[in-house]
Amino acid sequence: MAEVEAVQIIAESLKQQGVEYVFGIIGIPVIELSMAFQAAGLKYIGMRNEQAACYAAQAIGYLTGKPGVCLVVSGPGLLHVTGGMANAQVNCWPLIVIGGATNQDHEGIGGFQECPQVELSRPYCKYAARPATAALIPLHVEKAVRYATYGRPGVAYLDFPGNILQSKAQEARIYKALAHPAPPLAYPPHDDVIRAAKLLRQAKRPLVIVGKGSAYAHAENTLRHFIENTNLPFLPTPMGKGVVSDTAPQCVSSARTLALQKADVVLLLGARLNWILHFGKAPRYDKDVKFIQVDINPEELHNSVVASVAIQADIRPFAEQLFEQMNAVNFRFGYEQDWWKQLAVKCKQNRDTVQKMSLNTETPLNYYAVFHHLRELLPKDTIIVSEGANTMDIGRSMLLNEQPRHRLDAGTFGTMGVGPGFAVAAALFCRDFAPGKRVLCVEGDSAFGFSGMEIETMVRYKLPVTIVIVNNNGIYGGFDKDTFEAIRSEGDLTQITPPSALGVQVRYEEMMKMFGMKGYFCTEIEQLQAAVKAANQLTDRPTIINVAISPSSDRKPQSFNWLTESKL
Ligand code: ADP
Ligand code: MG
């Protein structure tokens, strides 16, 4: 009777469930599996660090709505991706991790890289399992993909001991899994839509918050229509940027603090009231603010704050139905409203402050000047990947997104090191689905260090990613050369080197020389402009633009001290 190899069953099952991309690092016992993936027509991208592979796999999941696979070896390989699994799970992004494991015959007696992998993965997963036989693999693959994508998206882990990977199953005995349909759309209860519409219409100071759940839901067309017609002020969360364009006149990002603090009714669309949104509590919000909360995950409803209307639904059908209700009475929140006047004044004030800093091109450069000029030269539909402390925070307000799912950053889990992996995925996404679109990866010098070696992955797969390193010689704040040398002039370097210091004037762009390619070092705006223009022409390779900025450049003064301001 015909027999089929386990590795082939895994590959074909993934293919059957719609998986297209695998990112990983191979070794014993998953080498044959990686080859089976390619034989089955899956796209395999070999990376340099398992964490980065895991970030790439989850970014492709977020961008395409279908989970990517991260393939790793046993023990250390799997341990290295737990950070990535946690990041995907916390971001609510679909991801499948497949780990090789030690031979079951060797378990308990010190097998090679023996490690309790299913147990280790479980806290970061919606589903974690070890298929008992080769014949049962399709059942678990189907379930893993379904769990990763249905309801609130998340992570699934499948564990494959070497002996299972080397086994075969009789063809007739192989479990027949059906390819499940796309996740069902959860429709909102009609009465709740009516209640939500009524509350919004009565609001004196309404605010719509658009989160990355709206981006994942592909709710952009409906929400753009909704905002344009109702003229309601809206605020995107970091990765909710671009669902409705940052350049829309209703975007009040420049008055974020005021908008949150004074709103009397907040429509929360696929965003959680966690640290990013200051838990929905005073003093960052009015103590009597009413929330209309829409989330696909019922357990999320009323989290941190009891919502006035709480709706378990997909954002898209909800937004369509809400729009119908508002439109039926020709609702429009006009600019003559006092709330719009307050917001407009604040937006202008903040824009003026930023404008001044942006136009200050004195050297050493400041963050605002770098981002301002970068923005001017970027194609408007660039996918922007960003991480680093100040680099990400300031970049978020300065680099605009006009399209949805065009910003990938450290996210809800605040993970540093995600950038290059995300950029690899974004560049593949562009190549396969949006040719001509560019990927910009803006990194702090510290953030870049976590996964910088993925530059080799980008070169190997000919991915045209522009990496801009905003280099202040340190973590958060940086050091100039003289201060750095003065501090370290004598004594034990491990005692006197400030923990926040990185090497000063490190020429990261020279990494391109390893490949016989060109990078750019910039200290002035003209150099930056020339470098970005040159980078924009590249179609088959990445480049690094290393921009030295003032080590003491900082954010503009903030009204609230981030993270530490309030007791709950
Ligand atoms: P942000 O960081 O933008 O605030 P979060 O990740 O905190 O966003 O929240 C996103 C929310 O969106 C999660 O609670 C998730 O359950 C929800 N979500 C994901 N997909 C959908 C969808 N299709 N429809 C509605 N809500 C969704
Ligand atoms: Mg830095």
Side-chain angles (χ1 to χ4, degrees), residues 61-62 65 87-94 126 149-154 182-188 209-220 222-223 235-243 268-280 293-304 310-319 367 387-394 396 404-405 407-414 416 442-450 469-479 500-504 506 508 546-554:
Y62 174 63
N87 190 69
Q89 181 83 347
V90 172
N91 267 351
C92 316
W93 287 359
K126 291 174 77 182
T149 49
Y150 277 41
R152 170 184 273 175
L185 268 193
Y187 281 77
I209 297 181
V210 181
K212 65 175 171 294
S214 298
Y216 187 76
H218 286 242
E220 53 268 16
T222 320
L223 286 180
L235 204 58
T237 63
M239 285 197 258
K241 273 159 64 73
V243 172
L268 192 65
L269 299 174
R272 284 169 288 181
L273 291 176
N274 55 19
W275 65 277
I276 293 183
L277 287 174
H278 317 288
F279 312 105
Q293 185 186 10
V294 188
D295 202 291
I296 201 152
N297 184 28
E299 287 95 330
E300 186 61 36
L301 300 175
H302 306 296
N303 202 30
S304 186
I311 302 174
Q312 181 211 352
D314 188 275
I315 303 295
R316 218 161 11 127
F318 170 80
Y367 283 106
E387 59 172 337
N390 285 335
T391 300
M392 181 171 74
D393 289 341
I394 301 170
R396 182 167 54 239
R405 300 171 296 284
R407 180 182 171 84
L408 299 164
D409 68 20
T412 312
F413 207 38
M416 293 300 152
V442 194
E443 302 272 310
D445 53 329
S446 163
F448 178 70
F450 287 83
I469 300 175
V470 185
N471 188 352
N472 68 350
N473 309 331
I475 306 173
Y476 295 105
F479 292 83
S500 59
L502 295 171
V504 291
V506 177
Y508 295 102
N546 180 13
V547 191
I549 63 161
S550 164
S552 58
S553 177
D554 206 349

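Counting starts at 1 for both ligands and their atoms, in listed order. Residue indices begin at 1 and follow the sequence shown.
- In summary, Gly474 places an N/O/S atom under 2.8 Å from the Mg ion (ligand 2), meeting the contact criterion.
- A heavy-atom distance below 4.5 Å is found between the side chains of Asp295 and Arg152.
- Counting protein heavy atoms only, atom 10 (C) of ligand 1 is closest to Gly270 O, 3.1 Å.
- The N, O or S atom of Asp445 with the smallest distance to the Mg ion (ligand 2) is OD1.
- At distances below 3.5 Å, not a single donor-acceptor pair connects side-chain atoms of Asn297 with backbone N or O atoms of Gly151.
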Could you walk me through whether Asn471 and Tyr508 satisfy the side chain to side chain contact (heavy atoms under 4.5 Å, CB included) test, starting with their C-alpha distance in whole Å, then the side-chain angles of each, then the deciding distance to 0.1 Å, before giving a yes or no?
CA-CA 9 Å; Asn471 188 352; Tyr508 295 102; 3.5 Å; yes
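- Ligand 1 has no nitrogen or oxygen under 3.5 angstrom from a nitrogen or oxygen of Tyr216.
- Within the model, atoms OH of Tyr476 and CG of Asp393 stand 9.0 Å from one another, a figure rounded to the nearest 0.5 Å.
- Counting the atoms of ligand 1 from 1 in the order shown, those under 4.0 Å from a heavy atom of Ala313 are 24 (N), 25 (C).
- The Mg ion (ligand 2) has no N, O or S atom of Asn471 under 2.8 Å away, backbone or side chain.
- Atom numbering of ligand 1 starts at 1 in the shown order; those under 4.0 Å from a heavy atom of Asp314 are 22 (C), 23 (N), 24 (N), 25 (C).
- For ligand 1, the atoms sitting less than 4.0 Å from at least one non-hydrogen atom of Thr412 are 2 (O), 6 (O), numbered in the order shown with element in parentheses.
- Under 4.0 angstrom from ligand 1, the non-hydrogen atoms of Arg272 come from both its backbone and its side chain.
- Interface atoms of ligand 1 facing Asn274, defined by a heavy-atom separation under 4.0 Å, are 7 (O).
- Short contacts between ligand 1 and Asn297, defined as distances under 4.0 Å to a heavy atom of the residue, involve ligand atoms 16 (O).
- For atom 24 (N) of ligand 1, the closest heavy atom belonging to the protein is Ile315 N, 3.1 Å.
- Counting atoms of ligand 1 from 1 in the listed order, those under 4.0 Å from a heavy atom of Ala217 are 22 (C), 23 (N).
- Ser304 places a side-chain N or O within 3.5 Å of a backbone atom of Phe279 that can act as its donor or acceptor partner.
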